[in-house]
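What follows is a single structure, written as C-alpha cells, with notes after it.
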Amino acid sequence: MSEDIFQGYKGDALETLKKYNTRVWGQAEVDTTRGRFFGTILPRSENDDDKHIVMKIPTGYNVGIDIRTITGMKETGYKKANYKIPEKQFPTTPGLPHVKLFGTGGTIASRLDYRTGAVIPAFSPGELYGAVPELADICNLDTEKLFAVFSENMGPKQYIGLAKAIGKEIEQGIDGIVVGHGTDTLHHTGAALTFMCQNLPVPVVLVGSQRSSDRPSSDAALNLMHAMKAAGQSDIAEVMVCMFGPTSDEYGLLHKGTRVRKMHSSYRSTFRTIGDTPLAMINRNTISPIHKTYNKRRNDRKVNILPYYSDEVTMLYYYPGMKPDTLDALTDAGYRGVIIVGTGLGHVNKELYPAIERAHAKGVHMFMTLQTIWGYVHMFVYDTGRDMMAKGIIPTGNMLPEVAFIKLSWVLGQTDDPAEVKRLMLTPVNDEITPREPYNGYLVYQGGVPEVEDFIRKVHK
Amino acid sequence: MDFSFDPKANYEATKQSAGYVNRREATQESYDRIGFMSGLEVHQQLLTKEKLFCHCPAGLYNKHSDFDAEIIRHMRPTLSELGEYDGTALMEFKTRKEIIYRIKNETACTYEVDDTPPFPIDREALGIAIEISLLSKLNIVGEVHITRKQYLDGSIPTGFQRTAIIGVEGEIPLKNKTIRLIQLSIEEDSCREISDIGHVRIYKTDRLGMPLIETVTYPDCVNPDEVMEACNYIRFLNRSTGKVRSGIGAGRQDVNVSCKGGTRVEIKGVAHTRWIPELTHVEAFRQWSLLLLRDELKKRFPSHKEWRISHNSLAGMDLGLTYGPLAKAIGENQAVMAVKLPGFKGALSHFTQPGNMFANEISDRLKVIACLEKPNMVHTESFDQEVSAESWQMIGKLLSAKKDDALIIIWGPQTDMKTALEVIEERCLMAFEGVPNETRKSFPDGTTIFERVLPGADRMYPDTDSAPIPLEDEYINSLKKNIPTEVVERYQQLKKWQVPEDTYTYIFSKNYFPLVERIVNELHIDPRFLGCFVGHRLKNLMGKQKKSQQFRVEKIYDLFAYLVKNQLDPSLAWPMLTELIAHPRMDFDSVLASIKFKRFSKEEILGKIPYLEEKFAPIRRKEGEHHKTNWMMGQLRMMATGNIALNYLANQIK
C-alpha cells in the first residue's frame, strides 16, 4: 500500500492540499486573507472538521488555517517526523528477580498519535527501559505484548488469553508477573484473573496510569516501578492492582483484585479497596503489608488455570420506577445470568416481581449486589428482601457489583446447575465476599470538617 | 602551579579587551561593534473572572504560609512529537528535584494539581487575546490549537503549560522604527516559587492557571533603550484595552539578547521595564567576553575534543582548609572534591559581567543542576583567596597540576558529586564553543545568573485533552468593534495637544488616555493642563496614597464636570484632588468647603490690583517688573483659584 501523504485530511481540506500540491510533513508558505503563515503541515485528527489545515510553525506551536481564507500555498520543503522512544537493551543483572510484563495496551506505555491526536499504546522492553531506566535496578525484565486494546475493549477473549499466558509463564519459572492495563476496567480484569488463576505461587500485579506517560507528571513511571517491585520482590502471591495511594508521588497501594474499584474519573489515587483495607503499601524501598494474612509466595509451580467465561451475563442497575419490561427484555434476549444492582440493603420495587418470577422460571440466575458499593446485602431485614429471595434472587454478601458480574460470567462458563452456580458464587476464591468488614475500611473523609482539613494539611494527600 | 598570577589584573585586562563600558558611556557604535541584538517576550495577565482552563477564580493570592494541603510530584522528561528529548528536560531530570505544591482550596481545584483534565478554554480570555492580537496587527489563526509546552522545573504540576497561538507576524511602531512581532499566544500562568533549597523546591498554586498572553518580537532592537521602548509600547498596547491586570507580577517580560557570534540568551521574568537597558547591556557584553575567552582557549587547545577535567577526593586529608563553609563541610563529613581544569589558568578570572568572572558561571550551574547550595566552590583565581597558597600547592601536587592549570574545590552531599563533576566539565567544554544557550535570572543591578538550559521547539506537543477551536471571520469582526485606537495614534494626539512628554508613561501605563480624551472632548478642558494634572498631580498623589484609600480615578471626570457646571475654573481641581483622594466618598461641595474655597467675582478680584500695586511700592527691594507680578500673584492666588484662570490674572496684573 502506498503511503498516505494526506494523513487524516478529508473533504474540502484534502482538496485544498491536493490543489496546491502540498503534503503532510511538507514545509509550506500559505497566503490567506488573514496574512501569511509558514510551517510544516501536520496530519489532522480524523474526527476534526474538513475546513482547516494544521501547521507546526517554526516556534514549535501548532496552528490551524481556515481553508476558506487561503489564497495561495506553496510547498518549499519536506521533513517527516520520526516519533520514537529511545530504545535500549534492557540489562540483565544476576541476583535480581525475573519479572514478565504483559502488555494489553492502555496508557501505562503509550505515545502520541497524529491521526487521532490521541495517546496510543506503544510497548517494548527497550522502549520501557529508555523511558524508565530505574526498572533495571528492580528486576530483570522480559515483556510480551499480548494485545493492543484500550481498557474499555478488554473482554472475555483477553481475560482467557491473559490467564493462559500467566499459567505458561509460571510453569516456566518466572518470579512475578506484571500486567500493563488501561485503568477503566482494571478492576474487572483483576477480578477475572483472580478467578481464572487460582493457587498462584507468585504475585500477579496489574498496573496502569491515570496520567498518560507522554507527560512529565505522569504516574506511569512510579506505578511501573512499584508494580515491578511488588511482582519481583513481594511475598504476596495474589492478583493485585498496584496504583497511587495518594495523588502525590509518594507511595502506591496494593489492592486485592476482587476488592478494588476505580472511584474517580481522573484522580491519580483513583483505585480504592472497598469493604476492607488495602493489602499493602509500597514505595521504591519497602513493601509494608497492611493485611496480616495473605497467600504467600511459593517455590512450586502448581498454579490452577481455569479459563472459563460465559458472555450470557448482564447487569441491571435498578432505579425507582423501573418497569418489569427491562428484565423481561433481558430474559427474552437469552441472558442466563443477571447481576442486579439494588438500592439500600439490596432492594428493587414490587412492580418487578412478575418479571423476576418469569426470569427465575426460565432458569435465569439472579444475584443481588449494592449501589451503595460499601456494605453487605441484607435481604432479611425487610419483607421486600425476603420476597425477592423467595422469587430466586440470591444475595452476594459484600461482593462488588462488577466483581459479581465477572464471577457469574466465570461460573456460568463452567456450569448451569443452579445449586452449583450458587455454591461457586458464594464460595469466595479470594475475599470477594469477606466474613467481616473492618471498622477502618469505610472512612470517607469529607472536606470542610475541621479535623479532616487539619489532617489534609499535615498529610500529603 | 603559578602563584605569581594576579587574577585581579587578569580580570581587569579581560574586561578591557572586551571593551566593556558603563551604559552611560556607551554609544550606538559600542553596540554596533559587538552586534547587539535583542527581542522580547512580554507576558500580560488578562482581566478575567476565572482561570483559563478551570473555573477557579482568577486574581486571588495567598501568603506562603497560608495553605490547605501539600502535594508532591517529580517531573520526568518525555518525548516531543518530533521524537527528541529537549535539552532542558534532560537537565531538569538530572537535578532530581522533589516538587512540593502548597494549595489553597479557594484558588485550586483538581485541575491545578493535574488530577482533572482541562475544561474548555475561558472564552472571555480568548476574546481579549484576539483583540490584543488585532491591535498588534497579527495574522489571526484559523483554528486555535492548544499545545503543551514542557516545563520540568515543576512550575506547572502537569509538567507542561497549555498554550496556544492566536496570531503570527505582526508589528509595533516605535519612534524611529518598526519592531516586527513573531507571535502572540494565550497561556496559563505558572506557580509562584516559595523556595528552592537542595533537592526540594516549593511552589504555591494561587497564580497557576491564570490567563496570560505572551507577545514575542523579532530581535529587531539594536540598543538597550530600544528594547525598553518596545517593551513599553507592548505593555501600553495591552493596557489600552482596559482588559488586562495591573499590579506586581501582572506584567513580566523575558528579554532575549545576543551579540555578534553569540547565542540567544533569555533573561527571564524581568519585573520592571526600567531594568531592561542595564540587563541587555550587561548581557551583550557578557557574551562578547565569553567569545574572547573562547578564542583564547582555542589558541591553547586547537582541538578540545580530548579536553577533560580530573578530580580527587580530599576526604580525610589535612590540607589546612580553614575557609568557613569548606571547613564546615569537612566537619560534617560531606564529600570534598578537588578538580583540575587543564590549561585553564586565566579562564576562571576572565571577565563576564561587572563583579563576575567565568568561575561564577560554573558556580551558578553547580547550584541549579547539581543542587549544591552557595557558596559551593573555591578556586585558584578567586580574589578573596579563601584557600592558602600552601594548600593549593598540596592539592596541585595531588592532581599533578602544571603551571597553566586551574583548580577548583567543591563540596556537598556525596550523591550530588557525580552530577557536580559533570556540570563542571560540561560548562568548561562549552567555553570552547562560546556562549551556551540558556535562560538567566535577573538582578536589579543588571547582572544575571544561570537559570536553565534554553528550551527549544522540541518541547512542544499537542494537547490531547483539548479540541481545536475554530475562529470564524464573523467572530473576529465582532471583536474588532471593541478594540481601542492604537497607542501610536494616542501618542500623536497627546503631542498635538502639547501635553508634556514626561506624562506619557504614566498616562499609558495606567490606561488613562481614554479618560483624558473624554474630559477634553466633552468638557473642553485644556488638554495640556489636563495632561499635567493626570501625569504629574495625580501620579504624585496616588503614589502617596494609602492602600486602604479606594479612590476611583474615573471620578476625575465627575470633578471636572462639577467645575464646569458650577462655572468654576478648572485649576481648582488641583487643590481639590488632595482632599478627594484622602476622602474618596466626600461630595464636591464639601471638598470645596474643606479647602476653604470662597466665591469671588472677576471684578472683585481684579479690583484688588490697584490696591496691591500701591501696597507693593513701599516694600519693593529689587528692580524688575516680574518681582511685582510674582508678589501680587502670590497675594491673589488663593482668592483667584477656581474663580478665574490664573494665567488670565497674570496677564491682567502685567
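Letters go in sequence order (proteins before strands), and every chain restarts at 1. None of these values were measured; they are calculated from a predicted model.
- Side-chain N or O atoms of A:R36 include none that pairs as donor or acceptor with a backbone N or O of B:N139 at under 3.5 Å.
- Heavy atoms closer than 4.5 Å to chain B are found in the side chain of A:I57, but not in its backbone.
- Between B:D465 and A:R215 there is a salt bridge, since at least one side-chain N of the basic residue sits less than 4.0 Å from a carboxylate O of the acidic one.
- A distance-only check finds a donor-acceptor pair linking the side chain of A:H52 to the backbone of B:G142 [under 3.5 Å].
- With contacts defined as side-chain heavy-atom distances shorter than 4.5 Å, the pair B:Q150/A:P216 qualifies.
- Listed options A:D48, A:D49, A:D66, A:V63 were ranked by heavy-atom pairs under 4.5 angstrom with chain B; first place goes to A:V63.
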Worksheet entry | Derivation and outcome, side chain to side chain contact (heavy atoms under 4.5 Å, CB included), residues A:S248 and B:R73 | CA-CA 6 Å; A:S248 288; B:R73 293 277 155 75; 5.7 Å; no
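- At least one donor-acceptor pair under 3.5 Å links the side chain of A:R211 to the backbone N or O of B:D114.
- Residues A:S217 and B:P157 approach most closely at CB-O, 3.0 Å, considering heavy atoms.
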Fill in: Worked verdict on A:Q210 versus B:D115 for side chain to side chain contact (heavy atoms under 4.5 Å, CB included)
CA-CA 8 Å; A:Q210 277 291 86; B:D115 268 324; over 6 Å; no
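- The most heavy-atom pairs under 4.5 Å with chain B, out of A:T32, A:V54, A:T69, A:I67, come from A:V54.
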Practice prompt. Just do the side chain to side chain contact (heavy atoms under 4.5 Å, CB included) check on A:R268 and B:I71 with the steps written out, would you?
Written response: CA-CA 12 Å; A:R268 284 168 171 74; B:I71 286 171; over 6 Å; no
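- Contacts with chain A were tallied for B:I100, B:V168, B:T158, B:L138; B:T158 has the most, counting heavy-atom pairs under 4.5 Å.
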Worksheet item: Run the side chain to side chain contact (heavy atoms under 4.5 Å, CB included) check on A:Y61 and B:K149 step by step: do they pass?
Response: CA-CA 9 Å; A:Y61 288 83; B:K149 189 189 215 175; 3.1 Å; yes
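- Using a cutoff of 4.0 Å between basic side-chain nitrogens and carboxylate oxygens, A:R68 and B:E472 are scored as salt-bridged.
- Using a 4.5 Å cut-off between heavy atoms, B:I182 contacts chain A through its side chain alone, with no backbone atom that close.
- Separation of atoms CE (A:M55) and CD1 (B:I165) is listed at 12.5 Å; rounding is to 0.5 Å.
- For a heavy-atom cut-off of 4.5 Å, chain A lies close to B:D473, B:I476 in residues 473-480 of chain B.
- Side-chain atoms of A:D249 come within 3.5 Å of backbone atoms of B:H74 as a donor-acceptor pair (strictly under, hydrogens ignored).
- A distance of 7.5 Å separates CZ of A:R34 from CD1 of B:I140, quoted to the nearest 0.5 Å.
- Crowding of A:K10 atom NZ: a count of heavy atoms from other residues, nucleotides or ligands under 6.0 Å exceeding 12.
- Contacts of A:D454 with chain B are absent, with no heavy-atom separation under 4.5 Å from either backbone or side chain.
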